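Fair warning: this is a prediction, and the values are worked out from it, not measured in the lab. Just so it is clear: chains get the letters A, B, ... in the order the sequence lines come, proteins before strands, and each one is counted from 1.
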2 protein chains.
Amino acid sequence: MAGVELLERPLINIVNLIWSFDRASEQVYLLLVKRASAPYKNRWALPETFMRTKESADQAALRLVKEKIGLELASFHTEQLATFTNPKRTKKERAISLAYMTFLPEMPTLRAGYGASEVRWFRFGYQAEKYCLVSGQKLFWASQAQTEQAYYDQPLASGQAHLAFDHEWIFQVAATRIKNKLDYQPNILLILGNTFTLKEARSVYAPFLMTTLKQIDNSNFKKTHGHLLKDVGMATAGRPGRPPRLYRLKL
Amino acid sequence: MAGVELLERPLINIVNLIWSFDRASEQVYLLLVKRASAPYKNRWALPETFMRTKESADQAALRLVKEKIGLELASFHTEQLATFTNPKRTKKERAISLAYMTFLPEMPTLRAGYGASEVRWFRFGYQAEKYCLVSGQKLFWASQAQTEQAYYDQPLASGQAHLAFDHEWIFQVAATRIKNKLDYQPNILLILGNTFTLKEARSVYAPFLMTTLKQIDNSNFKKTHGHLLKDVGMATAGRPGRPPRLYRLKL
DNA sequence: ACAAAAGTGTTGTTGATACACCCATGT
DNA sequence: ACATGGGTGTATCAACAACACTTTTGT
């Protein structure tokens, strides 16, 4: 009996949500790839890979970053999101996905890597109370299902483009998780690199809170979230206005 | 290359932390089993099973409840905890564990099932700022490592009994998670069954907050956590004192 | 001097804690 | 009547949001 179980090992892959920030536009971005092969050929999806036997899932997620965008930094912060195991999530063979999130300290230009015909940064935003991803004419919505079971039971809305597999659900789980951690462990700020200004921090917070930069009062933001930050000096000014202080994420 | 990856599928098992509550002693309990076979033969551990191809991980966790304690309820609340993939976590073959938590609405007597020579409820408590599990002379501590990497790098403290595998670390992650959700989604209250009194709710909160029932003011508890509860009438009194109101977890 | 960017201070409101008081039941 | 268990009310204090004000830079 136990022997039978051992043979029936499901496919395991790693899905990685790679977040980044563009200082020019002051916007948050997420990486999507256009799949080069079946299933879901030519559809946009979150980057995936398989885990090798001698690496941990975290290491596999980091390897994915290197393969997809050719970035060779020593290490970026990667953290576990959740595991997706619903039998309905794939049509053919049973597959289990371990989802991770990576916060890139810079936003490099992309070149399509193994398994992808195209790689692109999608701007993370919101419209009508829903999270979304935008790049040019392309637009993807986060799933609006309230529970996992509801998501897999309902058919996808027609008349709009959808991400491959259950990636719209994974995206929704990810954005919600980040939002919930904003008040006590805002690791998403790591996309700003080593140091950042309060304004940059607020522009990262804004889309997750479904509000705008201007609506987050700088004074109040400092008072409520300042304990999570460490003051590390001044920025040198190159434009009108008082130069901002620089901060770093504590711990 | 891809073909090679597919063949190298790691072992996947499900670990389930089964929580319960004893109304007589007003204490929280966690289920441990004594392993009947290698590895870690005759050591205490969290109950484990392998996932079958036609069930989700959640379903496997529920099946585990039935196998270990012979409980045949329609469904109990089970939720995902985390996934443990560190290559150092097992000595021989690579293994990945998907950890789940089940909140049992009652506390049945146990009979040792498949793969276990003994099954026992361990009282969940704390000593010297650390979570622990107690049953008779047996005592297990939650891991005090601050990060996952720190846990797997450090040797276990000698001079005390340890749970099998990395289960002391999983236990620590679980207790911390429950504590963090106490203020906005206290699913742990499901171990109290359909309805419960405020006193019972406070006695569930107490060990996770490392405090005592008496130190949690009933009036303030109602004001701060009342929005999570629904008033569903009075209990019939059978002992001195005013009969308490009954509550149910909202949603 | 003035506009722009950023940091500081002040006030009103909300929510949490401490604790006194009132209500219902069994003996 | 009174002890026991449980709910209600109030004063105090801390956290937060709104918004006015001051500081530092570039033109």
Are [X] and [Y] an aromatic pair by the rule of ring centers under 6.0 Å?
X	Y	value
Phe103(A)	Phe76(A)	no
Phe124(A)	Tyr131(A)	yes
Phe140(A)	Phe171(A)	no
Phe221(A)	Tyr205(A)	yes
Trp19(B)	Phe208(B)	yes

Give each protein N/O atom lying under 3.5 Å from an N/O atom of nucleotides 10-12 of chain D, with the pair distance.
| residue | atom | partner | partner atom | Å |
| --- | --- | --- | --- | --- |
| dT10(D) | O4 | Lys223(B) | NZ | 2.7 |

Over how many whole Å does the gap from [X] atom [atom1] to [N] atom [atom2] extend?
X	N	atom1	atom2	answer
Phe221(B)	dG5(D)	CZ	C1'	17 Å
Leu198(A)	dT8(C)	CG	C1'	13 Å
Leu229(A)	dG7(C)	CG	C1'	15 Å
His227(B)	dT14(C)	NE2	C1'	14 Å
Lys214(A)	dA4(C)	NZ	P	12 Å
Leu213(A)	dA5(C)	CG	P	11 Å
Asp231(B)	dG6(D)	CG	P	15 Å
Leu209(A)	dA17(D)	CG	P	11 Å

Any N/O pairs under 3.5 Å between the protein and nucleotides 23-27 of chain C? List them or say none.
| residue | atom | partner | partner atom | Å |
| --- | --- | --- | --- | --- |
| dC23(C) | O2 | Arg242(B) | NH1 | 3.3 |
| dA24(C) | N3 | Arg242(B) | N | 3.4 |
| dT25(C) | O2 | Gly241(B) | N | 3.2 |

Apply the side-chain contact (heavy atoms from CB on, under 4.5 Å) test between Arg248(B) and each candidate in Asp231(B), Leu229(B), Thr195(B); give the one that qualifies. Thr195(B)
Pair Arg23(A) + Glu106(A): basic N to acidic O under 4.0 Å: no
Considering only NZ, NE, NH1 and NH2 on the basic side and carboxylate oxygens on the acidic side, decide whether Glu200(B) and Arg202(B) come within less than 4.0 Å. no
For dG7(C), take OP1 and OP2 only and decide whether either is under 4.0 Å from a side-chain N or O of Lys222(A). no
Within less than 4.0 Å of OP1 or OP2 of dG5(D), is there a side-chain N or O belonging to Lys199(B)? no
Between residues 175-195 of chain B and DNA chain D, which residues have a heavy-atom gap below 4.0 Å? none
Trp121(B) and Leu133(B): side-chain contact (heavy atoms from CB on, under 4.5 Å), yes or no, with the steps? CA-CA 9 Å; Trp121(B) 290 112; Leu133(B) 296 169; over 6 Å; no
Is it the case that Gln215(A) and Thr212(A) place a side-chain donor and acceptor less than 3.5 Å from each other? yes
Nearest heavy atom decides the nucleotide; on that basis, is Asp217(A) or Leu246(B) closer to the 5' end of DNA chain D? Leu246(B)
Backbone N/O of Ile14(B) and side chain of Ser97(B): donor-acceptor pair under 3.5 Å: no
